[in-house]
Amino acid sequence: MTDPIFPPSAKVAANAHADAKKYEEMYAASVNDPESFWGEHGKRLDWMTPYTKVKNTTFAYPDVSIKWYEDGELNVCVNCVDRHLEKRGDQVAIIWESDEPGGDEKITYKKLHQEVSKLANVYKSLGVKKGDRVVLYMPMIPEAAYAMLACARIGAIHSIVFGGFSPDALASRIADSKAALVVTADEGPRGGRAVGLKKNVDAALDICGDVTTLVVARTGGGPGNKEGRDHDYATLMADASPDCPAEKMNAEDPLFVLYTSGSTGKPKGVVHTSGGYLVSASMTHQYTFDYHDGDVYWCTADVGWITGHSYIVYGPLANGATTLMFEGTPTYPDASRFWQVCEKHKVNQFYTAPTAIRSLMALGDDPVNKCDLSALKVLGTVGEPINPEAWNWYHNVVGKGKVPIVDTWWQTETGAHMMTPLPGATPTKPGSATKPFFGVQPVVLDPTTGKEITTTEAEGVLAIKDSWPSQMRTVYGDHERFVNTYFAAYKGYYFTEDGCRRDKDGYYWITGRVDDVLNVSGHRMGTAEIESALVAHPNVAEAAVVGYPHAVKGQGIYCYVTLNAGVESSDDLRVELRNWVRKQIGPVASPDLIQWAPGLPKTRSGKIMRRILRKVAEDDFGSLGDTSTLAEPEVVDDLIANRMNRG
Ligand code: 6R9
């Protein structure tokens, strides 16, 4: 069977930053001589002290070390704001669209410069210094971008915590990063409801101890500010000077920490640095979306995820783009909202997650068809594999069969796109992230031998052979964990923890995580985190969590729970456990299905056999494989008899 192929149109190719030939040439140059290639492309940024060294990296276990442009100095905020003032001071940098239709704001580069400079001075007045960590727990408002850029301006390191995380999760991130300041808003409107951000910050500080806060009044609701600890944003901004010189930063100084889930233990603080990160973020934004001056670009992610960092704020602004920031949800007040926003602001590039596409696809074509989407030039997806059905709907209904789709595979750890088609260069196949970006050398490894599979057609685990500029540098405060997580299993490679297949044309198809990480609506979630939340409940003895296929979310969260002796199972307890997990981690981690399991399938050495739990959760128990090593094979019969997901 051959997959359908959609070649780029001649018209798109003719005007694109890269057509097929240029892609091949640039890709070859980038891997044959990375030093020269990235030496040249590093010049896309403005440097205060030009670099003389480009690449100094090794993946050799355990001495992993990654440095790019290591003797260069620059300021990320200057690159995203100041350097555009002369040419495009009056151009719109950020279009903000509010949760309620009708509300919007256009922020020019000039205004962005003023707001960010004032805020940087406010930070200083609150005692924040170069190298300090600032936690941002923000709704999708322009102040979130100001807050990031103001950190960059003074060399503080931001750590954004997604607004959907609970006070407990927020507290552990504030504590782990030893934050000097927390920036938040009173409430965050989303889909017609207000998320109690300040309320959650108050609860978090009750857990981890007081930290100075700065509070944007978004709705005027929420709890009041605590004297001596909480500061009102507008009050301090009113008196702040708009003159704040930017700090000279080394290319390898950290820009931000972003916590992400892994297969074990607590979320890891992924550290990205200044120079290499911005080179990759801006270059991918330009090439992947084929961004041209004057285009209006919209990424629907939240700034709490890496996609929001690289593709709402840093990449687009480094390119002097107009980037749209949306406070709301795809279906509020109705299923036309995304498309109405596209029509209203004449969006040229639109970037969203497969889960959003699937949920909108389920609501039919009318909400799309009643909007004028003729400005669209590129459609993008990110966060999880896109199923061909959703791809085709996106292509035919949203793109009217004419707009190229870029399916971008990358990770929090990679900082920027790693595999993606380029609109004018790469024929696409629905469901494939296609080919590597410049400088990225993917390899498929045999998971048992760890050997590279060198035939074109291959299936195994995905690893990357050499460094690229926006690679994460370390785990915040735990370099050993960084080395052991990504470089120990397959020596000499960066291990992505994704499985993949390479087809006869050399196209890559990501098959999903090979570790115990779930991808629920494009959000990464460690099964271990959900399990430890469950067992923290007084009635729970043991829990095992696996993913199962979910039509809209991609994966749903399936929990097997063993209750303590004497505790009665009930639907009420199910609801209670669900709320318990929401409280411990956040609504993003809500269990979809909870099955009472009097016993879990374990090997004689006590290891839970997740393979079996996954099969039962998938309602595919006909092929359980070898169960002879189980300590008590009969528990499996009970699990099957009481399974929750019956197709
Ligand atoms: C950017 C982002 C990373 C994990 C990654 C993979 C999955 C992301 C994908 C994709 C298939 C794509 N993933 N993009 N899988 N096709 N286009 O999502 O970062 O939150 O760290 O998640 O997401 O499994 O390993 P992050």
Side-chain angles (χ1 to χ4, degrees), residues 76-77 119-120 122-124 126-138 144-185 197-198 200-215 229-231 247 249 252-262 264-274 277 302-306 308-310 313-314 412-413 415 472-482 485 524 526 529 584-586 588:
V76 167
C77 180
L119 184 53
V122 168
Y123 284 174
K124 285 188 189 169
L126 294 173
V128 180
K129 298 178 305 295
K130 179 173 174 172
D132 284 351
R133 275 78 50 214
V134 176
V135 164
L136 312 183
Y137 187 65
M138 297 289 278
Y146 305 162
M148 295 164 76
L149 294 164
C151 285
R153 193 162 193 88
I154 63 169
I157 304 166
H158 61 69
S159 177
I160 310 191
V161 178
F162 174 58
F165 280 120
S166 69
D168 295 61
L170 175 60
S172 76
R173 286 156 175 80
I174 294 172
D176 190 76
S177 66
K178 302 190 187 66
L181 175 72
V182 175
V183 187
T184 189
L197 296 171
K198 176 60 164 58
N200 288 349
V201 169
D202 286 356
L205 298 185
D206 282 344
I207 300 167
C208 67
D210 273 353
V211 173
T212 305
T213 79
L214 185 62
V215 186
R229 183 192 71 180
D230 304 336
H231 302 268
E247 199 72 39
M249 304 298 290
E252 283 300 332
D253 282 335
L255 177 64
F256 64 83
V257 177
L258 182 58
Y259 286 83
T260 192
S261 299
T264 53
K266 292 191 306 180
K268 298 181 280 282
V270 169
V271 175
H272 281 290
T273 58
S274 304
Y277 171 78
D302 188 283
V303 290
W305 308 114
I306 189 69
H309 285 64
S310 301
V313 178
Y314 290 117
T412 305
E413 292 88 340
M472 80 182 276
R473 301 300 197 253
T474 190
V475 169
Y476 188 75
D478 195 349
H479 192 67
E480 211 178 307
R481 187 165 175 206
F482 170 64
T485 306
R524 258 170 85 165
E529 277 168 78
Q584 296 255 320
I585 306 174
V588 284

Legend entry - Aromatic plane relationship, His479 with Phe482 - under 30° parallel, 30 to 60° tilted, over 60° perpendicular: tilted
Min side-chain heavy-atom separation [X]-[Y] under 4.5 Å:
X      : Y      : answer
Asp230 : Lys198 : yes
Thr273 : Leu255 : no
Arg173 : Val135 : no
Ile160 : Met138 : no
Asn200 : Thr184 : no
Phe165 : Ile585 : yes
His272 : Leu258 : no

Legend entry - Pair Asp176 + Arg133: basic N to acidic O under 4.0 Å: no
[X] side chain to [Y] main-chain N or O, any donor-acceptor pair under 3.5 Å?
X      : Y      : result
Ser310 : Gly415 : yes
Arg153 : Cys77  : no
Tyr259 : Ser159 : no

Inset, instruction - Could you tell me if the ring centre of Phe256 sits under 6.0 Å from that of Tyr277? - result: yes
